[in-house]
Amino acid sequence: MPEVTARDISTKIRLLAEEKNAVILAHNYQVAGVQDIADIVGDSLELARAAAERREETIVFCGVDFMAETAAILSPEKTVLLPAPDAHCPMAGMIAGGDVRMLRERFPDAAVVAYVNTTAEVKAESDICCTSANALKIVESLKEDQVIMLPDRNLARYVARFTEKEILLWEGYCYVHDRMTSADVSRARLDHPDAELLVHPECRPDVIDLADYVHSTSGMIRHIYASDKVDFIIGTEPGIIHQIEKQCPGKRVYPLSEKAVCMNMKKTSLEKVIQSLETLTPQMVVPEEIAARARVAIERMLQI
């Protein structure tokens, strides 16, 4: 039998997507091959907007579960597929709806801001959502002086640096970003003395203190594209390097830590995308009683 090439697989996916009237969305942390066959590659905010605005009947979400949930909430009339149904976000699992209700009882005057990296149940109990790209803007838009940010303690601490509001945090974290250390920064600076260090706001405070800039994933790409510098150290999941190399030719990019890999983001493969398109499974379905309340929090974010 003739060998099946990457081009053959890509062509098959594109034909299936057209046949099924599907749009393929992929996060910046996906494997390179999956990024290359996607219609849109971006961070959580960009993909949430795309899920709400695209007209295709089917959304194939190459990411983790909460992202597909968000798409299903914003587009209940569409079929939302998650090719890797076991691609869970550990941080999203660090808080439940009951925890949010407990916080509301304890802090009745506080607004609740849920990171998009949460379950639909948690979003449904929150006032508004945020992403790493817009977290400070969201917090500053609120009338309340006291704000509960959940579940990422590092993002909450980062936002607290720039606002006079009282930020109450939950002790959740992204295991990928939280494992980066100041020792990693020292080693990377030694190996690449001329490089700028860009880190994600999910990183630990001591790592953020040592960074030159703090950006969301897509913010990093925009920064590197516009910069006159050539060398950059990236304090986030290394899947983003593929997009940087595509969009920013001539720039050299080094991961802050080789260990900072999100195994769940890597569970989506081209073969799974094909199977998902062929069978229109696995589908992400959010019960409407939860989706309706979560939709309010997400749409409130998108309006700001």
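Reckoned from all heavy atoms, side chains included, excluding hydrogens, waters and symmetry mates. Nothing fancy with the numbering, it's 1 onward along the sequence.
- Residue pairs that meet the ring-ring contact (aromatic ring centres under 6.0 Å, His included) test with at least one member in residues 63-101, sequence neighbours left out, do not exist here.
- The hydrophobic cluster containing Val31 also contains Leu277, counting ILVMFWY residues as joined when their side-chain heavy atoms lie under 4.5 angstrom apart, directly or transitively.
- Cluster note: Leu190 groups with no other residue, as no ILVMFWY side-chain heavy atom lies under 4.5 Å from it.
- Within a 6.0 Å sphere centred on CD of Glu289, other residues, nucleotides and ligands contribute more than 12 heavy atoms.
- Residue Val285 shares its hydrophobic cluster (ILVMFWY side chains chained together at separations under 4.5 Å) with no other residue.
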Table please: side-chain donor-acceptor pairs of residues 139-147 below 3.5 Å, with sequence neighbours left out.
residue	atom	partner	partner atom	Å
Glu140	OE2	Thr163	OG1	2.6
Ser141	OG	Ile138	O	2.6
Gln146	NE2	Glu166	OE1	3.0

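- Among residue pairs with one or both ends in residues 107-141, none qualify as ring-ring contact (aromatic ring centres under 6.0 Å, His included); sequence neighbours excluded.
- No donor-acceptor pair closer than 3.5 Å links the side chain of Arg179 to the backbone N or O of Ala260.
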Evaluate Met265 against Val176 for side-chain contact (heavy atoms from CB on, under 4.5 Å), listing each step before the verdict. CA-CA 11 Å; Met265 279 288 189; Val176 173; over 6 Å; no

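- Nearest heavy-atom pair across Pro76 and Arg295 is CG-NH2, 3.7 Å.
- Summarising the geometry, atom OG1 belonging to Thr58 is positioned 11.0 Å from atom CD belonging to Glu19; distances are rounded to the nearest 0.5 Å.
- Among pairs with a residue in residues 274-304, none fulfils ring-ring contact (aromatic ring centres under 6.0 Å, His included), at least two apart in sequence or across chains.
- Looking at Ser10 and Asp36, their side chains never come closer than 4.5 Å, going by heavy atoms from C-beta outward.
- The side-chain heavy atoms of Trp170 and Leu103, taken from C-beta on, include a pair separated by under 4.5 Å.
- Under a hydrophobic clustering in which Ile, Leu, Val, Met, Phe, Trp and Tyr are joined whenever their side-chain heavy atoms come within less than 4.5 Å, directly or via other members, Ile95 and Val113 fall into different clusters.
- Of the listed residues (Ile234, Thr131, Asn28), just one forms a side chain to side chain contact (heavy atoms under 4.5 Å, CB included) with Thr217, and that residue is Asn28.
- For the pair Lys123 (side chain) and Thr118 (backbone), a donor-acceptor distance under 3.5 Å is present.
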From CA spacing to verdict: side-chain contact (heavy atoms from CB on, under 4.5 Å), Ser75, Glu77: CA-CA 5 Å; Ser75 302; Glu77 76 286 359; 4.1 Å; yes

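- With hydrogens and angles ignored, the 3.5 Å screen pairs a side-chain donor or acceptor of Lys267 with a backbone N or O of Asp86.
- Residue Met301 is grouped with residue Met149 when hydrophobic side chains (ILVMFWY) are merged at heavy-atom distances under 4.5 angstrom, including chains of intermediate members.
- Among residues two or more places apart in sequence or in another chain, the ring pair (Phe, Tyr, Trp, His ring centres under 6.0 Å) test is passed with Tyr175 by none.
- For Lys137, the NZ atom counts as loosely surrounded, since its 6.0 Å shell holds 12 or fewer non-hydrogen atoms of other residues, nucleotides or ligands.
- Note that CD1 of Ile59 is 12.0 Å distant from CD of Gln283, once rounded to the nearest 0.5 Å.
- The ring pair (Phe, Tyr, Trp, His ring centres under 6.0 Å) check on Tyr29 picks up His27, with sequence neighbours excluded.
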Derivation and outcome, side-chain contact (heavy atoms from CB on, under 4.5 Å), residues Asp206 and Leu210: CA-CA 7 Å; Asp206 59 331; Leu210 297 170; 5.8 Å; no

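- If you chain together ILVMFWY residues whose side-chain heavy atoms come under 4.5 Å of each other, Leu15 ends up in a group of its own.
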Salt bridge (Lys or Arg N to Asp or Glu O under 4.0 Å) between Glu125 and Arg101: does it pass, once the steps are laid out? CA-CA 7 Å; Glu125 299 292 341; Arg101 292 190 291 272; 2.9 Å; yes

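- Residue Met220 holds its CE atom at 12.0 Å from CD of Glu196, rounded to the nearest 0.5 Å.
- In this structure, Ile241 CD1 and Arg252 CZ are separated by 14.0 Å, a value rounded to the nearest 0.5 Å.
- When atom types are taken as modelled, the side chain of Gln30 and the backbone of Gln35 share no donor-acceptor pair closer than 3.5 angstrom.
- Under the 4.5 Å side-chain criterion, counting only non-hydrogen atoms from C-beta, Pro282 is in contact with Ser276.
- For the pair Glu202 and Asn117, the minimum side-chain heavy-atom distance is below 4.5 Å.
- Grouping the Ile, Leu, Val, Met, Phe, Trp and Tyr side chains by contacts below 4.5 angstrom, directly or via other members, places Leu136 apart from Leu168.
- Ionic pairing of Lys12 and Glu271 is not present here: no N-O contact between side-chain nitrogen and carboxylate oxygen is shorter than 4.0 angstrom.
- Minimum heavy-atom separation, Leu47 to Gly42: CD1-O, 3.7 Å.
- Partners of Phe162 under the ring pair (Phe, Tyr, Trp, His ring centres under 6.0 Å) rule, at least two apart in sequence or in another chain, are Tyr158.
- Contact detail for Ala48 and Thr70: the closest heavy-atom pair is CB-CG2, 4.3 Å.
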Check against side-chain contact (heavy atoms from CB on, under 4.5 Å), Val34 and Ser269: CA-CA 7 Å; Val34 170; Ser269 65; 5.6 Å; no

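- Pro205 places a side-chain heavy atom less than 4.5 Å from the side chain of Asn154.
- For the salt bridge (Lys or Arg N to Asp or Glu O under 4.0 Å) criterion with Arg189, the lone passing option out of Asp194, Asp231, Asp212, Asp184 is Asp212.
- Minimum heavy-atom separation, Lys78 to Ala51: NZ-O, 3.7 Å.
- Taken from CG in Asp65 to CG in Asn264, the straight-line distance is 8.0 Å, to the nearest 0.5 Å.
- Ion pairing of Lys266 with Glu237 is present here, as a side-chain N (NZ or NE/NH1/NH2) and a carboxylate O approach within less than 4.0 Å.
- For the pair Leu280 and Lys20, the minimum side-chain heavy-atom distance is below 4.5 Å.
- Think of Tyr225 as one node in a network of Ile, Leu, Val, Met, Phe, Trp and Tyr side chains linked at under 4.5 Å; it has no links at all.
- Between Arg153 and Arg157 the shortest side-chain heavy-atom distance falls below 4.5 Å.
- Among residue pairs with one or both ends in residues 240-273, those qualifying as ring-ring contact (aromatic ring centres under 6.0 Å, His included) are His192-Tyr254; sequence neighbours excluded.
- Scanning both residues, Ile221 and Cys248, for their nearest heavy atoms gives O-SG, 3.8 Å.
- Using a cut-off of 4.0 Å between Lys/Arg side-chain N and Asp/Glu carboxylate O, Asp39 and Arg14 are scored as salt-bridged.
- Ile233 and Leu198 fall into different hydrophobic clusters, where Ile, Leu, Val, Met, Phe, Trp and Tyr residues are linked whenever their side-chain heavy atoms come under 4.5 Å apart, directly or through other members.
- Using a distance-only test at 3.5 Å, with no hydrogens or angles considered, a donor-acceptor pair links the side chain of Thr279 to the main chain of Gln275.
- The side-chain heavy atoms of Leu74 and Ile298, taken from C-beta on, include a pair separated by under 4.5 Å.
- Shown here for Asp152 and Cys174, the closest heavy-atom pair between the two residues is OD2-N, 4.4 Å.
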